[in-house]
There are 2 protein chains.
Amino acid sequence: MFYYQLIMRKCAFYGNCKICCCEKTPSLFSKLTVSEFEELHSERKEVVFKAGEVIFKQGTTLTHLACFRSGMAKVYYERPEGSNILINLIVPGNLTGNMGLYTDNVHHQTIQALTDVEICLISIKDIEGLLGRSEEMAVELIKLKNENIIVLTNKLASLTYKSMSGRVADVLLYLQKDIYQSDTFTLSLSRQDLADLGAMTKESFIRTLKEFKDAGIIKIKANLVEIINLKALVKISNN
Amino acid sequence: MFYYQLIMRKCAFYGNCKICCCEKTPSLFSKLTVSEFEELHSERKEVVFKAGEVIFKQGTTLTHLACFRSGMAKVYYERPEGSNILINLIVPGNLTGNMGLYTDNVHHQTIQALTDVEICLISIKDIEGLLGRSEEMAVELIKLKNENIIVLTNKLASLTYKSMSGRVADVLLYLQKDIYQSDTFTLSLSRQDLADLGAMTKESFIRTLKEFKDAGIIKIKANLVEIINLKALVKISNN
DNA sequence: CCTTCTTATTGATATATATCAATAGTGCTG
DNA sequence: CAGCACTATTGATATATATCAATAAGAAGG
């Protein structure tokens, strides 16, 4: 019996592990048998990080992989020259920190909590051990990687070929669709973080936001954002 | 016995298959047994494309994966609005066209020959069949994917945070290090292609190239490029 | 070898975006 | 609740880069 079948029937069986296993597709763990899952589950470490704390630091050894159970974090790439580029946000159900797997065993990004965060840490050794036996899990990981690459390619296209307003629209659409899954949301990010997501200065981001506000496309009051005209936003995104 | 051990001893055994199997690390095929390799090898299709021909078209069904044996191709992402973003170049030993694997089975990029090109086409069915049995190959693919992601992240950082001269320097360093592996090379790419690699207009690229030429960092005459001062180029790349 | 077409180069100008600076708001701490 | 520090906002200006236009240089074809 597969773990996901078990958990579908007895949802509370593994507490909120179902967030990491069943609520996102593809999930690294959905195809594991109960005993395979138990291997990982029994060895996991539940950890709580406070807002602002660094979960993984770029350049340090990759020993664990994080499964997000609650809260929000930002993933950024620290450039040698000092500036940071914000790659994406992490929300419950996401898996992160495995870019160095099978390559140099080093973290290639820094992950920092934006709110208080609950995660499970799973040892890379356990993951590698299981990957060496479970083709199912390896295939799921390949699937995840391919999705990562597709998302990154889209981001590359957005950031390099769109004008500022298109990029701001993309940031708002990303928050609405992938992060908060609602037209109304309270930001856990600073204006600087938002600007970093869109690869521009915070002044430019704020100005563009104001244009959208003046045009009646969004409402924004401090950190409370409401998207009024989604279609207009999509249109701006598409130039 | 692994295939790569066999081929190390009898290099001509499989013709120039060693380009795809042994000369790049990681290689998807290096950990296969002889019989596993034979499965793929016997079913492969050797194809020649002429310069300018499209090998894979973005949006079409993913049926085969291409192993490059000779020549050069460009990989670009076609944006809905019409403009193209040049992601990277493909040279012998590279594997390409598997971003849609296990996801939507669609090509997410267009691959076009820049010179005459010899490739082997391997059916996705064969790859998937073997991936379902060989954890070794799955691990190699994960490794490849992770390297792809690391490279893409660097590219994202380069293209979004560097000024024009830094990006032109990056393009030249990419050609020198990853593509031609020489300080002197004859370009198979147009100025427009080079500009696309650096995410700028061809006029801007040409102007920056002229600056480098005037500063004695490179020599350039039509398509013949010589890098005179590599250190200066690296310094410009690092801002 | 001349004509035609494409690609490359150079120059002048426009424009988007960053930078710098000043002000306003927000939240924390004694 | 006053004062300080940090973040957000707005405005003025500078600058990098794109755009447009004109010319030059190659490449292809009769």
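None of these values were measured; they are calculated from a predicted model. Letters A, B, ... are given to chains in the order of the sequence lines, protein chains preceding strands, and every chain is numbered from 1.
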Between A:N88 and A:Y174, which heavy-atom pair has the shortest distance, and what is it?
CB-OH, 3.4 Å
Check the pair A:L194 / A:L175 against side chain to side chain contact (heavy atoms under 4.5 Å, CB included), numbers first and verdict last.
CA-CA 10 Å; A:L194 293 172; A:L175 294 171; 3.8 Å; yes
Heavy atoms of B:L101 and A:N146 approach each other most closely as O-ND2, 2.8 Å
Just to be sure I understand the geometry, which residues of residues 195-206 of chain A put a non-hydrogen atom under 4.0 Å away from DNA chain C?
A:M200, A:T201, A:E203, A:S204
How close or far is atom P of D:dA24 from atom CZ of B:R191, stated in whole angstroms?
18 Å
Minimum-distance pair of heavy atoms, taken over all atoms of B:F212 and B:V168:
CE2-CG1, 3.6 Å
Does B:I220 or A:A222 map to a spot on DNA chain C nearer the 5' end, using the closest nucleotide for each?
B:I220
For chain A and DNA chain C, what are the first and last nucleotides along the strand, 5' to 3', with at least one atom under 4.0 angstrom from a heavy atom of the protein chain?
C:dT17 to C:dC20
Residues pairing under side-chain hydrogen bond (donor to acceptor under 3.5 Å, both in side chains) where one sits in residues 222-238 of chain A, two or more places apart or in two chains, turn out to be A:K162-A:S237, A:D170-A:S237, A:R191-A:N223
Any donor-acceptor N or O pair under 3.5 Å, side chains A:K145, A:N98
yes
Might you point out which heavy atoms bring B:S70 and B:P92 nearest each other, and give the distance in Å?
CA-CG, 3.6 Å
To the nearest Å, give me how far apart CD (A:E211) and P (D:dT9) are.
14 Å
Name the one of A:D196, A:N84, A:D193 that satisfies side-chain hydrogen bond (donor to acceptor under 3.5 Å, both in side chains) with A:K74?
A:D193
